[in-house]
There are 2 protein chains.
Amino acid sequence: MSSAAPLEVGRLGAVPRTAAQTRVITAALDLFGQHGVSGTSLQMIADAMGVTKAAVYHQFKTKEEIVIAVLEVDLMRLESALDAAEAEQGPRAREVLLTLVIDLAVQRRRIVSALQQDPVIIRLFARHKPFLALMDRLFAVLTDGESSAGVRVRAAMISAAIGGAVTHPLVMGLDDETLRTQMLHVTRQLFERPA
Amino acid sequence: MSSAAPLEVGRLGAVPRTAAQTRVITAALDLFGQHGVSGTSLQMIADAMGVTKAAVYHQFKTKEEIVIAVLEVDLMRLESALDAAEAEQGPRAREVLLTLVIDLAVQRRRIVSALQQDPVIIRLFARHKPFLALMDRLFAVLTDGESSAGVRVRAAMISAAIGGAVTHPLVMGLDDETLRTQMLHVTRQLFERPA
DNA sequence: GTCTATATAACGATAGAC
DNA sequence: GTCTATCGTTATATAGAC
């Protein structure tokens, strides 16, 4: 895991995947969530699939390509949420975004915090143009264009709260629907009474 | 990084450290924050200190011992904050806790999210009795003894928000004092108007 | 306390057979 | 698409000299 080539620019592309590639992505996703990217070896992915490392390398040339493929799945879901939010007017846009992002985070609770906090993924994102563009759009809706310290801190805390709470030990026993409803409620509190 | 022995029980002990050990802890702390525990090798720690791996192994027998030593530093700070909070009565306890925890998170912003989200550390914490006891005390103050779904979700989101916001790209440019003040303000909003 | 040197295992990655 | 076998590198960890 150490290269420096610039990745693709522009909108996220819907890369078509074979069935074998999808199996790799599914296994890797689960392991990244449990052990992080650095803590997950190609051998672990192969073992989880019941094949050898060589079979995994036949689907993806490098480990980094697997990481990118795993990210693309969730990044495209996030992009869809943003598309839907941006189609709304005024404060409705933010409301729609938060609802959809919380849905997404709860659905994908096993992987979300890894995606948001893993050092390898953070480094990858920093040179991944479509992701950076996505984050710009995300925070434009969240902050409504403002960029004062107060607004930035609020947006950062909400982003971290949504991504981090879904894997928190305190909520492990809660079902998806309860977690979703309660998170939406707490999140709204942060916007109802602005700085 | 793979053992399963139970760690010490009870209150956190103030382990005395030699100067050389402290140098290891400082270097490791910085690297864990940047690359995570799995992404940090003994060689990287040795290089950062300007010594060889053997010198590092003379201070700590295993990598896991280094991880534990790094954790102890911040866990004891957290314990102090908790001691101070528990000395207060009623709602003042929570107010004091949040203020001190936010101070701590901002001061230690380079390492906090690693400490809270790194998979190796999470696994280590799960069998570390003094840490589990500390978390119980922390959430007792945060939730004021309640344990409804609403209260749990709120506490989880606040915990994640504080730990995760301090390293968020949106607040990278903010100085510690601004970040601290704004975070405290947003956090208070979450408690002023309970479920 | 730090060094050189080494043991042993696992890592990412590839070649070539089936 | 998967296998066996292997390459070169790096990982954790140790022995013994200074």
Side-chain angles (χ1 to χ4, degrees), chain A residues 1-5 7 15-32 34-71 114 118-121 123-124 127, chain B residues 1-5 7 15-71 114 118-121 123-124:
Chain A
M1 292 305 294
S2 62
S3 68
L7 305 175
V15 187
R17 300 291 182 194
T18 66
Q21 284 180 321
T22 304
R23 260 149 46 219
V24 174
I25 292 171
T26 304
L29 182 84
D30 195 48
L31 290 164
F32 290 166
Q34 288 178 58
H35 306 283
V37 175
S38 288
T40 301
S41 67
L42 270 289
Q43 187 65 66
M44 290 164 76
I45 295 171
D47 288 349
M49 296 172 65
V51 298
T52 63
K53 272 193 294 182
V56 178
Y57 273 109
H58 185 256
Q59 307 303 330
F60 295 97
K61 265 178 284 195
T62 63
K63 184 180 176 182
E64 179 164 307
E65 279 189 26
I66 298 175
V67 176
I68 292 173
V70 166
L71 293 179
D118 188 286
V120 173
I121 292 177
R123 283 173 142 70
L124 201 60
R127 57 193 173 83
Chain B
M1 293 305 295
S2 62
S3 69
L7 305 174
V15 187
R17 300 292 183 194
T18 65
Q21 284 180 321
T22 304
R23 261 150 45 220
V24 174
I25 291 171
T26 304
L29 181 84
D30 194 48
L31 290 164
F32 290 166
Q34 287 178 57
H35 307 282
V37 175
S38 288
T40 302
S41 67
L42 270 289
Q43 187 65 66
M44 289 164 77
I45 296 171
D47 288 349
M49 296 172 66
V51 299
T52 63
K53 276 189 294 181
V56 178
Y57 273 110
H58 185 255
Q59 306 303 330
F60 295 97
K61 266 178 283 196
T62 63
K63 185 179 175 182
E64 178 164 308
E65 278 189 27
I66 298 175
V67 176
I68 293 172
V70 166
L71 293 179
D118 188 286
V120 173
I121 291 176
R123 283 174 143 69
L124 201 59

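Lettering follows sequence order; numbering is per chain, from 1.
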Point to revise | Met44(A) CE - dC11(C) P separation (whole Å) | key: 8 Å
Exercise for review: Measure the distance from CD1 on Ile45(B) to C1' on dA11(D) and round it to the nearest whole Å.
Suggested key: 12 Å
Review point. Base, sugar-phosphate, or nothing: which does Thr40(A) touch, judged by heavy atoms less than 4.0 Å apart?
Key: sugar-phosphate
Check your understanding: Can you list the steps and then say if Arg123(A) with His35(B) is a side chain to side chain contact (heavy atoms under 4.5 Å, CB included)?
Key -> CA-CA 9 Å; Arg123(A) 283 173 142 70; His35(B) 307 282; 3.1 Å; yes
Practice item. List the protein contact pattern of nucleotides 1-7 of chain C with one symbol per nucleotide (5' to 3'): B for base contact, S for sugar-phosphate-only contact, - for none; contact means a heavy-atom distance under 4.0 Å. Key: BBBB---
Exercise for review: Specify the separation, in whole Å, of atom CZ of Phe60(B) and atom P of dT12(D).
Suggested key: 15 Å
Exercise for review: May I have the distance from Gln43(B) (atom CD) to dA13(D) (atom C1'), rounded to whole angstrom?
Suggested key: 13 Å
Check your understanding: In whole angstrom, what separates Lys63(A)'s NZ from dA10(C)'s P?
Key -> 16 Å
Check your understanding: Is the backbone N or O of Thr40(B) less than 3.5 Å from a side-chain atom of Lys63(B), with the two atoms forming a donor-acceptor pair by type?
Key -> yes
Revision key, fill the gap. Salt bridge (charged side-chain N to carboxylate O under 4.0 Å, His left out) filter on Asp30(A), not counting sequence neighbours, yields Arg110(A)
Review point. At under 4.0 Å, does any side-chain N or O of Tyr57(B) touch on OP1 or OP2 of dT14(D)?
Key: no
Check your understanding: Do you know which two heavy atoms are closest between Pro119(A) and Gln34(B), and how far apart they sit?
Key -> CB-O, 3.6 Å
Check your understanding: Mapping Ser41(A) and Lys61(A) to their closest nucleotides on DNA chain C, which lands nearer the 5' end?
Key -> Ser41(A)
Exercise for review: Just jot down the salt bridge (charged side-chain N to carboxylate O under 4.0 Å, His left out) partners of Arg17(B), sequence neighbours excluded, or say none.
Suggested key: Glu72(B)
Revision key, fill the gap. Rounding to 0.5 Å, atoms CD1 (Ile68(B)) and OG1 (Thr62(B)) come to a distance of 7.0 Å
